[in-house]
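Would you mind keeping the following structure in view while I ask a few things?
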Amino acid sequence: VVENDELAELEAEIGRLNIFDALGIVHAEIRHSNFLAWLLDPAESHGQGQLFLSTALMDILRNAPADARPLSPIDLDGADLRGVQVRREWRHIDLLIVAEQPKIVVAIENKIFSGEHSNQLKRYRSTVASAFPDHQPLFVFLTRESDEPSDEAWCPYDFGQLHAALDRCVRRNEDSIGEEVRVFVGHYLAMLRSRFMDDPKIDELVDRIYRNHRQALDLIFERKSDPRVRLT
């Protein structure tokens with residue numbers, strides 16, 4: 001693999017500076033939820049008000065079954081969300097978004113690698129219904145590949161859909177979004193694209209490199225997994 005053009009191209013695709021890689025939080029569900037809470041909160045330091053929140057909710061509503069929507073995408077498009085609170089780990093729910101006008105509550109359960117446990121989705125739904133009886137609920141099960149939730153009240157949604165919605169938003173509003181925020185969100189989108197989504201270009205490179213160097217790579221993987229061998 002020395003001076004291998006294909007390997008160099010692959011490293012160029014995945015080796016760009018990324019703040020999420022640098023901090024070692026790519027696979028940390030808690031950190032993903034922290035970032036999303038920051039991004040979706042109209043009062044946060046990104047200075048974009050409800051731009052990102054409206055973008056994400058609009059796309060979630062568009063992909064949700066009609067009978068699971070607290071309001072239609074058209075209604076949201078013309079609404080001015082007021083009294084918004086974004087809460088982290090409220091009663092163990094990853095993200096909870098509460099708006100007073102219109103009166104809606106959105107629960108987002110973020111699952112990157114871990115699965116459901118202890119009938120949690122049904123319990124979370126009951127908790128939200130009890131705490132917010134006057135709000136129309138929306139339950140979102142956010143996973144890598146739109147995994148089917150155990151509770152049918154939850155709407156499957158994936159990081160690919162979120163990436164597409166946020167990417168469109170940033171492109172359409174690049175003149176009004178500050179450079180620092182644009183770069184930060186760009187790092188997040190690049191991380192989603194390279195780690196949690198199918199990328200035909202990367203898949204093609206990986207397949208080509210493996211086919212051309214299968215024996216050498218198999219040996220590397222075998223040696224790497226041997227506890228007696230220390231490879232750095």
Looking just at side-chain N and O atoms, do Ser33 and Asp94 make a donor-acceptor pair shorter than 3.5 Å? no
So do Asp41 and Leu53 actually touch side chain to side chain, heavy atoms under 4.5 Å? no
Go through the side-chain N and O atoms of His92 and Gln120 and say whether any donor and acceptor fall under 3.5 Å apart. no
Smallest heavy-atom separation, Val98 atom then Val105 atom, equals CG2-CG2, 4.0 Å
Beyond-backbone contact of Arg182 with Val170, side-chain heavy atoms, under 4.5 angstrom: yes
Test item: Pro137 and Phe132 side chains (from C-beta on) under 4.5 Å apart, heavy atoms: no
Point-to-point distance, once rounded to the nearest 0.5 Å, from CD1 of Ile97 to CD1 of Ile104: 8.0 Å
Non-hydrogen atoms of Tyr124 and Glu109 that approach each other most closely: CE1-OE1, 3.4 Å
Mind checking whether Leu142 and Asp158 have side chains closer than 4.5 Å, heavy atoms only? no
Test log, rule side chain to side chain contact (heavy atoms under 4.5 Å, CB included), inputs Leu61 and Ser72: CA-CA 7 Å; Leu61 289 171; Ser72 73; over 6 Å; no
Answer yes or no: is there an ion pair linking Lys111 with Asp147, defined by an N-O contact shorter than 4.0 Å? no
When rounded to the nearest 0.5 angstrom, what is the spacing between NE2 in His187 and CZ in Phe35? 10.5 Å
Rounded to the nearest 0.5 angstrom, the CG-CD distance for Asp134 and Glu100 is 9.0 Å
Between His46 (side chain only) and Gln48 (backbone N and O only), is there a donor and an acceptor less than 3.5 Å apart? yes
Phe139 vs Trp154 aromatic rings, parallel, tilted or perpendicular, using cut-offs 30° and 60°? tilted
Would you please say whether a donor-acceptor pair under 3.5 Å links the side chains of Asp59 and Tyr157? yes
Would Arg171 and Glu174 pass as an ion pair if we require N to O under 4.0 Å? no
Looking at every heavy atom in both Thr55 and Ala165, which two are closest together, and how far apart are they? CG2-O, 3.4 Å
Intermediate values then yes/no, side chain to side chain contact (heavy atoms under 4.5 Å, CB included), Leu36 and Phe52: CA-CA 10 Å; Leu36 289 175; Phe52 296 122; over 6 Å; no
List the atom of Ser45, the atom of Trp38, and the distance in Å for their closest heavy-atom pair. OG-NE1, 3.0 Å
What distance do Glu145 atom CD and Phe159 atom CZ have between them, rounded to the nearest 0.5 Å? 12.0 Å
Do Trp90 and Thr127 have a side chain donor and acceptor closer than 3.5 Å? no
Before giving the answer on side chain to side chain contact (heavy atoms under 4.5 Å, CB included), spell out for His163 and Arg193 the whole-Å C-alpha distance, their side-chain angles and the decisive distance to 0.1 Å. CA-CA 8 Å; His163 175 281; Arg193 187 171 59 252; 3.4 Å; yes
So, Asp67 and Arg69, do they make that salt bridge, N to O below 4.0 Å? no
Give a yes or no on whether Glu180 atom CD has more than 12 heavy-atom contacts from other residues, nucleotides or ligands under 6.0 Å away. no
Please assess Val106 against Val140 for the test side chain to side chain contact (heavy atoms under 4.5 Å, CB included), listing each intermediate value before the final yes or no. CA-CA 7 Å; Val106 183; Val140 182; 4.1 Å; yes
Find out whether Phe141 and Thr143 are in side-chain contact, i.e. whether some heavy atom of one side chain is under 4.5 Å from a heavy atom of the other. yes
Pro42 versus Gln50, closest heavy-atom pair with distance: CB-N, 3.9 Å
So do the side chains of Pro102 and Leu71 get within less than 4.5 Å of each other, counting heavy atoms only? yes
Within 6.0 Å of CD in Glu152, more than 12 heavy atoms from elsewhere: no
At what distance, to the nearest 0.5 angstrom, does CD1 of Ile108 lie from CG of Leu40? 6.0 Å
With a 4.5 Å heavy-atom cut-off, do Asp151 and Asn119 have their side chains touching? no
Would you check if Ile60 and Leu162 make a side-chain contact, meaning some heavy-atom pair closer than 4.5 Å? no
Asn63 and Gln161 side chains, donor-acceptor separation under 3.5 Å: yes
Leu51 side, atom CG; Arg172 side, atom CZ - distance, nearest 0.5 Å: 10.5 Å
Restricting to non-hydrogen atoms, name the atom on Pro73 and the atom on Met58 that form the minimum distance, rounded to 0.1 Å. O-SD, 3.1 Å
